[in-house]
Amino acid sequence: MAGAKASASGVPTDGGLGESGPAAGDEPEGGLRGASAELRHKLRTQRRLRLVTLMSLAALVLLVLPAFFVVRSMSEDPVLASLDALSVPEWASKNDKDFETGNSLCLGVCEFRERVSESDQPFAETTKVYTKALADAGWTERKVKGCPEAPVRAEEGTYTCWQREELTLDLSVSLPGCAVDQVSAEGNPQAGVAAEPIDPASCVGSTVSIKVWNAIEDERGKEDPAPGPQGVQPDQILPTDDSIFQQTSPTPEAS
């Protein structure tokens with residue numbers, strides 16, 4: 001009976017494990033373990049990309065942007081930028097032309113700037129708006145000897161001098177170019193060029209000239225700290241003890 005039960009069909013002889021079936025706790029190769037490894041690899045790649053992106057942004061902020069602003073500040077003249085910032089109407093600053101010489105470090109010659117503009121209004125109205133704009137920007141008008149170098153006739157324009165910190169500025173507002181040419185031709189008839197009559201309707205406005213110096217280069221209004229001797233230089237007195245000034249007896253004539 002016992003042997004018949006043991007050899008009965010359908011009853012496993014290996015303790016119920018079977019001959020080739022996998023264990024209950026085993027996973028097939030490439031299953032959950034493979035998926036988790038791939039997920040970890042993707043997460044590490046994403047972290048590297050974020051780190052590289054953050055480092056690139058930091059380099060951009062710390063290196064590229066400061067260099068950009070330094071280059072822009074070197075290429076943009078702060079004095080001309082301050083002239084651009086003057087609060088003047090659009091009609092008072094047209095066709096601006098800038099001229100620069102020297103250098104900002106005053107090596108040999110300090111930097112000099114000049115701006116020439118055109119205004120649609122006569123010089124009186126133009127002078128008013130520029131005077132107010134300079135005062136609002138912190139410039140102080142100064143009256144010194146040599147400003148202007150030559151007197152300006154009241155009917156031909158205005159000339160004023162200003163100062164702000166280490167800079168001095170000359171503001172000249174004069175007749176428009178067409179009127180100046182007419183006056184020059186009339187005042188110099190010997191040039192042989194006939195002065196053509198000016199159409200008052202077309203020759204209007206004024207010309208604005210702004211010149212800016214470094215104050216150490218502007219000698220106007222400064223006193224000489226060690227003036228030399230004043231007075232008239234006396235005539236030089238030649239010495240009288242030289243032989244050419246002494247009277248000698250005439251040489252006797254040969255007999």
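What you see is a predicted model; the values in this text were computed from it and never measured.
Contact check for Glu118 versus Pro176: no side-chain heavy atoms found under the 4.5 Å cut-off. The shortest side-chain heavy-atom distance between Trp213 and Cys110 does not fall under the 4.5 Å cut-off. A 4.5 Å side-chain heavy-atom check between Asp84 and Arg115 finds at least one atom pair inside the cut-off. The side-chain heavy atoms of Gln163 and Thr140, taken from C-beta on, include no pair separated by under 4.5 Å. In this structure, the side chains of Ser82 and Arg164 come closer than 4.5 Å at one or more pairs of heavy atoms. Between Val208 and Val129 the shortest side-chain heavy-atom distance does not fall below 4.5 Å. Taking 4.5 Å as the limit, every side-chain heavy atom of Lys128 sits out of range of all side-chain heavy atoms of Lys132. With contacts defined as side-chain heavy-atom distances shorter than 4.5 Å, the pair Leu80/Glu100 qualifies.
In terms of hydrophobic clustering, with Ile, Leu, Val, Met, Phe, Trp and Tyr side chains grouped at heavy-atom distances under 4.5 Å, Leu167 and Trp162 are assigned to a common cluster. The cluster map of Ile, Leu, Val, Met, Phe, Trp and Tyr, joined by side-chain heavy atoms under 4.5 Å apart, puts Leu171 and Val88 in the same cluster. Both Phe123 and Trp91 belong to a single network of hydrophobic side chains, linked directly or stepwise wherever heavy atoms of I, L, V, M, F, W or Y lie under 4.5 Å apart.
Annotation: the span from Ile210 atom CD1 to Leu86 atom CG amounts to 6.0 Å, rounded to 0.5 Å. Atom-to-atom distance recorded for Glu125:CD and Thr127:OG1 is 8.5 Å, nearest 0.5 angstrom. Distance CD/Glu141 to SG/Cys161: 8.5 Å, rounded to 0.5 Å. Of the inter-residue distances, the one linking Glu114 atom CD with Leu83 atom CG reads 11.0 Å to the nearest 0.5 angstrom. Distance CD/Glu38 to CG/Leu43: 11.0 Å, rounded to 0.5 Å. Atom CD of Gln46 sits about 10.5 Å away from atom NE2 of His41, to the nearest 0.5 Å.
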- List the steps and the verdict of side chain to side chain contact (heavy atoms under 4.5 Å, CB included) for Arg220 and Glu149. CA-CA 10 Å; Arg220 296 172 300 179; Glu149 295 182 1; 5.6 Å; no
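Checked by atom type and distance alone, the side chain of Thr126 pairs as donor or acceptor with a backbone atom of Gln121 at under 3.5 Å. In this structure, Tyr130 contributes its side chain and Ala92 its backbone to a donor-acceptor pair below 3.5 Å.
Here the closest heavy-atom approach between residue Leu175 and residue Thr207 is recorded as O-OG1, 3.4 Å. Taking each heavy atom of Val116 and Phe99 in turn, the nearest pair found is CG2-CE1, 4.1 Å. For the residue pair Tyr159 and Val152, the shortest heavy atom distance occurs at CB-CG2, 4.0 Å. Between Ser174 and Ser206 the shortest heavy-atom distance is O-CB, 3.0 Å.
Ion pairing between a basic and an acidic side chain is recognised when a charged N comes within 4.0 Å of a carboxylate O; Lys211 and Asp218 show no such pairing.
The environment of Glu155 atom CD is dense: over 12 non-hydrogen atoms of other residues, nucleotides or ligands sit within 6.0 angstrom. Within 6.0 Å of CD on Glu166 lie more than 12 heavy atoms contributed by other residues, nucleotides or ligands.
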